[in-house]
Enquirer: 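Below: one structure in structure tokens.
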Protein chains: 2
Amino acid sequence: MNADPVTLREVAEEAGVSVSTASRALTGKAEQYRISKKTERSIRDVAERLGFRPSHLARSLRNQRTGLVGVLVPDVSNSFFSAIAREVTRCAREQGYDVLLVDSQESTACEEQLLGHLQSRQIEGLVLCPVGESAEHLQAFEAKGIPVVMVDRCFSQLNLTTVTSDHQSGTEALMAELLQKGHRVIGCLQGRVGTLPNNERIVGYRQSLKAWNIPFDRSLIAGDQFDELSGYRAASHLLSTHVGMTAMFAFSNQILLGALRAINERKLSIPKDISLVTFDDPPFAEFLAAPITSAKQDVPLLGKTAAELLLRQLKGHESPKNQIYRIPVEILPRKSIATCSFH
Amino acid sequence: MNADPVTLREVAEEAGVSVSTASRALTGKAEQYRISKKTERSIRDVAERLGFRPSHLARSLRNQRTGLVGVLVPDVSNSFFSAIAREVTRCAREQGYDVLLVDSQESTACEEQLLGHLQSRQIEGLVLCPVGESAEHLQAFEAKGIPVVMVDRCFSQLNLTTVTSDHQSGTEALMAELLQKGHRVIGCLQGRVGTLPNNERIVGYRQSLKAWNIPFDRSLIAGDQFDELSGYRAASHLLSTHVGMTAMFAFSNQILLGALRAINERKLSIPKDISLVTFDDPPFAEFLAAPITSAKQDVPLLGKTAAELLLRQLKGHESPKNQIYRIPVEILPRKSIATCSFH
DNA sequence: TAGGATTGCACAATCGTTTGTGCATAAGAC
DNA sequence: GTCTTATGCACAAACGATTGTGCAATCCTA
């Protein structure tokens, strides 16, 4: 029943050889150390028969290689991050790495603590989706010399490889859809303030307005988190304070849900009463009462790119630091934008 | 830059004591081993100053306790499983465990391989959402004496603690909604055949029909996976072959998406042309063109229960084996069922 | 058949911790 | 002042693997 794991020593004893010989036979170093074919065979047989599984622990300790990479995200249950985690996990496994997945629960304090944990588990590399508030603890982590690739909410001032979507042009393209249909008063349901994606989207928003000679109205921006509650509050707020507003722009799929809730509550209809577009393309977007026009991030590609960059670094390829990889965003026009005739 | 991690020995040397003393001072065993307050203080100070982090590896090797639990799911990017993973991770961390999350990609072969991996990483316990096809490899794993809690697609024949929703009564309750509104020809978009949730839902489906004296028509059941593609195909198939069908029952949120796609393609409207209900309550359910009546599984509770059961076993509380915990399902009536007057 | 090269393996150190035990020195008892 | 007890710490053996080196036995060569 509670069979203690078989150790190399037991295999060696059973095969009548020393531990070192057994080790070399089983790790494919028979040739190099001139273990006879016969001995090797016999050792392999015994190992098989006893169900020997080398202890990753001992091996890691000795080799100073854990074969672990960390993936740290603000919320695993958010499909955006879980999709990233999935891709990274897949790529990492292909190269023989296992993944330690942790969740900072959108808390910088928690993030900091977890970084410590990952470090003491001796992860060899990290794919990090930071909470995005502050970067000092990341700076410290980076200094340890563990390869890190940041995804999504990155910090340009950090000397790290980062992968993120092309937020600004995505936003501008989406804004163009609205502006071309005559919308002039567009509410912005933003996410966590100060994060790079949010910053760049705000820049895109303002640029778009500028290009159309529309004055920027700061009070049209609301919200402070990428989650549903923030979206709900922001949308509710804008809907009550800005009667002239004809469209809203949600900065994430969670925010979108909140906005939908707020709109629903007021018995407004999309796009007749209010137009709505969103960054992130949720799988249900096209089945909504009004299929939502959206800017789709290529999330799997974000994950895959990050994983590949990390794995290259792990293989020793000195990848250029401080480089930021931009993944293009695709606009999916649907039916959530009304043609707006005033002005 | 590439600062090698500080070891206990360096701390000890710097503090002018032996490694053993340093170890005891830092692990709170000063009292027990009569280390003077002064020495302890000084060791702690040095450790702090050097930024000492004990190697989890070495510690695990020595203590035969890795502090790792595994979480194995068929697809992390599916919100159902990621929500479970999140809960388990949260609970585990609270008790000082880290989580190794792996994804079997809905493949039994992959699942088997991963179980081996987890084992060689010496996980202390496992929350397992099996693919659900076969159980032999799980049997073997169980025999190692590592506590395992199964979630969702469990096997009743295994001698393991398991947690799953109350599929049958959930189904019956949802069927009642349809039957009461006069539906008699109800298509069933099932998931992976042979899995416990699928089996039990089919049983619920048949029981409901029986209770209303409606003959069971096997050809009204279609589909073979819990994913969107299967849902799409199944729905398309049923819609073309059963013109008299007035309602469909999707067995998962992914299947629902597929069904919606099929219905959309045919320009049918819900519930006028076809009624639709679903197991699992996706967050967008109420914002769909026709808000979907659904049976909501309490996914966080599934995860939490599993985690707690596992953690109890890890603490040595002999929890009753072969016990199955049922989490009740909540019916959320919305607007996707038409009142059906024929028959 | 002696000498050197080659073959085939064992010994022992090592990775960074934890922990049982032993050995000084200091303190207390008489 | 001796004997005992308590105090404060160091030594060394684990945990389970990997790997540099050493040492027999066999082989080849002349």
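Note: hydrogens, waters and symmetry copies are ignored here, and every other heavy atom, side chains too, is used. Predicted model only: the values in this text are computed from it and were never measured. So that the names make sense, note that chain A is the first sequence line, chain B the second, and so on, each numbered from 1.
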Enquirer: Regarding B:S23 and B:S20, do their side chains bring together a donor and an acceptor under 3.5 Å, going by distance alone?
Expert: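 Side chains of B:S23 and B:S20: no pair found under 3.5 Å.
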Enquirer: I need the residues from residues 15-35 of chain B with at least one non-hydrogen atom less than 4.0 Å from DNA chain C; give them sorted by number, or say none.
Expert: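 Correct list: B:V19, B:S20, B:S23, B:R24, B:T27, B:K29, B:Y33.
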Enquirer: For the atom pair SG (B:C91) and CD (B:Q95), what is the distance rounded to the nearest 0.5 Å?
Expert: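 Reported value, rounded in 0.5 Å steps: 8.0 Å.
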Enquirer: Checking A:S42 side chain against A:K38 main chain: does a donor-acceptor pair fall under 3.5 Å?
Expert: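 A pair under 3.5 Å: no.
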Enquirer: Would you say A:E111's side chain and A:V131's backbone share a donor-acceptor pair under 3.5 angstrom?
Expert: yes
Enquirer: With respect to the side chain of A:T39, which nucleotide from D:dG16, D:dG8, C:dG8 is positioned closest?
Expert: C:dG8
Enquirer: Taking atom types as modelled, is there a side-chain donor on B:S36 or B:T39 under 3.5 Å from an acceptor on the other?
Expert: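 A donor-acceptor contact under 3.5 Å links the two side chains.
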Enquirer: Let me know, please, whether B:N63 or B:K37 comes out on the 5' side of the other along DNA chain D by nearest nucleotide.
Expert: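 Nearest-nucleotide comparison on DNA chain D picks B:K37.
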Enquirer: In degrees rounded to 10°, what angle is found between the helical axes fit to the five outermost pairs at each end of the helix from C:dG4-D:dC27 to C:dC30-D:dG1?
Expert: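 Between the first-five-pair axis and the last-five-pair axis there is 70°.
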Enquirer: In whole Å, what is the span from the CZ atom of A:R9 to the C1' atom of C:dA10?
Expert: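 Between C1' of C:dA10 and CZ of A:R9: 15 Å.
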Enquirer: Measure from the side-chain N and O atoms of A:E10 to the backbone N and O of A:T7, and report whether any donor-acceptor pair falls under 3.5 Å.
Expert: yes
Enquirer: Find the distance between OG1 (A:T21) and CD1 (A:I35) and round it off to the nearest 0.5 Å.
Expert: 4.5 Å
Enquirer: Quick one, A:L8 and A:L26 - any side-chain contact, counting heavy atoms below 4.5 Å?
Expert: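 Sidechains of A:L26 and A:L8: in contact.
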Enquirer: Taking 4.0 Å as the cut-off, does a side-chain nitrogen or oxygen of A:Q122 come that near to OP1 or OP2 on C:dC15?
Expert: no
Enquirer: Can you tell me whether the side chain of B:R62 and the base of C:dT17 have a donor-acceptor pair closer than 3.5 Å?
Expert: no
Enquirer: Rounded to whole angstroms, how far apart are NZ on A:K38 and P on C:dT7?
Expert: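 Those two atoms, NZ and P, are 17 Å apart.
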Enquirer: Please give, in whole Å, the distance from C:dA13 P to A:L61 CG?
Expert: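 About 17 Å, once rounded to whole Å.
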Enquirer: Between residues 46-60 of chain A and DNA chain C, which residues have a heavy-atom gap below 4.0 Å?
Expert: none
Enquirer: Check whether B:R24 reaches the backbone of B:K29 with its side chain - one donor and one acceptor, N or O, closer than 3.5 Å.
Expert: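 Answer holds: no.
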Enquirer: Could you state the atom-to-atom distance from CG of A:L8 to C1' of D:dT18 in whole Å?
Expert: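 Rounding to the nearest Å, CG of A:L8 and C1' of D:dT18 are 9 Å apart.
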Enquirer: Is there a donor-acceptor pair under 3.5 Å between the side chain of A:Q323 and the backbone N or O of A:T161?
Expert: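 Judged by distance alone, no pair lies under 3.5 Å.
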Enquirer: Is the NZ or CZ atom of B:R192 positioned over B:F226's six-membered ring, under 6.0 angstrom from the centre and within 45° of the axis?
Expert: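 The answer is no, since B:R192 fails at least one limit relative to B:F226.
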